[in-house]
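Some notes on the structure that comes next.
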Amino acid sequence: MEKNKRTPVIAGNWKMNKTPAETFDFINEVKPLVKDADCKVVFCVPFVDLESALKASEGSNIHIGAQNCHFEKSGAFTGEISAPMLKSMGVEYVIIGHSERRQYFAETDKTVNKRLKAALSEGLKVILCVGETLGERESDITEEIVSKQTKIALNGVEAKDLENIIIAYEPVWAIGTGKTATSDQAEEVCLYIRNVVSKLYNKEVADKTVIQYGGSMNAKNADELLAKTNVDGGLIGGASLKSEDFSIIVKAASK
Ligand code: PGA
C-alpha cells in the first residue's frame, strides 16, 4: 500500500462551536499559518458558519465543509439541510456518519448510505466516519464493526466515486476523551479498512483512497500517527478550534 499515491487531508470538525463572526476571524488567523501546507486543509463548520467560512477562505488553500446533509433534495424535514443547498453555497465537503450523529441523532448505517449518495450526486466530497465503541473493541469485534459500517455506507457506490470519498477511522472511545488510539492501533484499522475497500472494488481504488484517523489527534501526537503508512491525515475535533495546534498538525501532515 503506497502512501505517496495519496495526498493527506487534515480536516477540522468544529462540531457545535463558533459563531459566524468567530468563524471569520479564526479562518483569517489560520490562513497564513497553513498557506504552505503540503496536504489538503479543510474546516467542517456548523451550517450557520458556512457563509462566513467561505468568505474568509476565498483565494486561500483552505476548503470548507459541512458536518451533515439530508438525503432528500427538499421537502418536509424540519431542521434539516440538503446537499443541493450546500452545493449552491460553494461548500465542497461534508462529513457523513459521524459517531455523534449515530449516537445522539439515531443515524444508522442505512441513512448514512443514503446521505452519502445524496452528497455524491451533488458533487460534494464526503468524509465518511466509521469506528467502534469501547465495548465493541473489548469484545474484539472492531474489524466486524468497521467492515459492516464501510460496506453498508458504500452500498451502491461506484468505483469512480471513491475519489470523492475520504474514510475517517474514528474509534468512538477516542473522540473527545483525550484517549488517543496508539499509532499501531490506528495503522492496523486503517489498513484493515483499505483491505475492505480493496475487496469491494480493487487494489488500485484502495491504494488511492484517503483514510484518516480521528479521535483526540493533537499537536503532540500528530507526528507519530501521521507517519504511519495507511494513515492519510486526520479528522480533528478539539484541536481544530485552536489555530496554533491545528497548524502544527497540518505541518506534521506536510512532511
Ligand atoms: P476530537 O474529535 O479530536 O475532539 O477527539 C474528533 C472527531 O470527533 O472528529
Side-chain angles (χ1 to χ4, degrees), residues 8-18 22-23 26 30 34 39-47 49-50 53 62-69 91-105 107 112 115-116 119 125-134 136-137 142 145-146 149-150 153 165-183 185-187 189-190 193 210-226 228 231-253:
V9 179
I10 298 296
N13 172 15
W14 283 3
K15 311 192 179 186
M16 196 171 68
N17 290 290
K18 295 193 193 292
E22 287 166 349
T23 300
F26 183 91
V30 91
V34 301
C39 64
K40 275 233 165 86
V41 179
V42 183
F43 284 108
C44 296
V45 306
F47 291 129
D49 295 337
L50 286 168
I62 295 175
H63 302 262
I64 301 301
Q67 299 171 8
N68 190 23
C69 73
V91 171
E92 276 182 83
Y93 287 80
V94 61
I95 297 173
I96 299 285
H98 190 279
S99 64
E100 284 150 18
R101 299 294 318 171
R102 296 176 191 257
Q103 202 177 338
Y104 306 130
F105 303 98
E107 201 77 64
V112 167
R115 289 178 200 258
L116 177 139
K125 293 183 169 62
V126 170
I127 300 177
L128 162 69
C129 300
V130 300
E132 81 289 1
T133 62
L134 184 59
E136 288 162 347
R137 177 163 280 265
T142 297
I145 295 296
V146 297
Q149 290 174 339
T150 306
I165 299 175
I166 293 167
I167 301 176
Y169 166 54
E170 296 210 308
V172 180
W173 48 270
I175 294 177
T177 57
K179 225 176 168 191
T180 321
T182 65
S183 55
Q185 284 171 326
E187 168 67 11
V189 184
C190 287
I193 294 168
V210 172
I211 303 181
Q212 300 172 315
Y213 167 79
S216 300
M217 192 188 278
N218 58 40
K220 287 204 179 91
N221 59 28
D223 248 338
E224 196 187 332
L225 287 158
L226 295 169
K228 290 292 182 182
V231 178
D232 310 319
L235 185 56
I236 324 293
S240 73
L241 298 168
K242 296 176 204 131
S243 56
E244 187 67 34
D245 288 15
F246 186 78
S247 68
I248 292 171
I249 300 172
V250 166
K251 283 197 184 89

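Ligands are counted one by one from 1 in listed order, and the atoms in each one are counted from 1 as well. For this chain, numbers begin at 1 and follow the sequence in order. Values in this document were obtained by computation on a predicted structure and should not be read as measured data.
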Can you check whether I236 has an N/O within less than 3.5 Å of an N/O in ligand 1? no
Could you identify the single nearest non-hydrogen protein atom to atom 7 (C) of ligand 1 and state the distance to 0.1 Å? E170 OE2, 3.2 Å
Under 4.0 Å, counting heavy atoms only: does G176 come that close to any atom of ligand 1? yes
Side-chain donor or acceptor of Y93 paired with backbone N/O of I95 under 3.5 Å: no
Mark yes or no for whether N13, through its side chain, and G237, through its backbone, hold a donor-acceptor pair below 3.5 Å. no
In this structure, which one of V41, V30, D245, I236 forms a side chain to side chain contact (heavy atoms under 4.5 Å, CB included) with V250? V41
Nearest heavy-atom contact between G234 and L226 is N-CD2, 4.3 Å
Which residue and atom name correspond to the protein heavy atom nearest atom 2 (O) of ligand 1, and how close is it? K15 NZ, 3.3 Å
So, regarding G214 and ligand 1 (criterion: nitrogen or oxygen to nitrogen or oxygen, under 3.5 Å), is there a contact or not? no
How far is atom 3 (O) of ligand 1 from the closest protein heavy atom, and which atom is that? G237 N, 2.9 Å
Specify whether F43 and F246 have parallel, tilted or perpendicular ring planes, treating 30° as the upper limit for parallel and 60° as the lower limit for perpendicular. tilted
Atom of V94, atom of A119 and distance for their closest heavy-atom approach: CG1-CB, 3.7 Å
Relative to the heavy atoms of G215, which atoms of ligand 1 are at a distance of less than 4.0 Å? 5 (O)
Per-atom contacts of ligand 1 with A174, taking only distances under 4.0 Å to non-hydrogen atoms: 5 (O)
When you measure from atom 4 (O) of ligand 1 to every protein heavy atom, which one gives the shortest distance, and what is it? G238 N, 2.9 Å
At a 4.0 Å threshold, what atoms of ligand 1 neighbour a non-hydrogen atom of S216? 1 (P), 3 (O), 5 (O)
Does either side chain, that of H98 or that of E107, offer a donor lying less than 3.5 Å from an acceptor on the other one? no
Within a 6.0 Å radius of atom CD on E92, are there more than 12 heavy atoms belonging to other residues, nucleotides or ligands? yes
So if I count the atoms of ligand 1 from 1 in the order they appear, which ones are less than 4.0 Å from some heavy atom of H98? 7 (C), 8 (O), 9 (O)
Does a side-chain heavy-atom distance below 4.5 Å link R102 with V172? no
Could you see which bit of A168 sits under 4.0 Å from ligand 1, with heavy atoms only: side chain, backbone, both or neither? neither
Would you mind telling me if ligand 1 is within reach of the side chain of I175, the backbone, both or neither, using heavy atoms under 4.0 Å? both
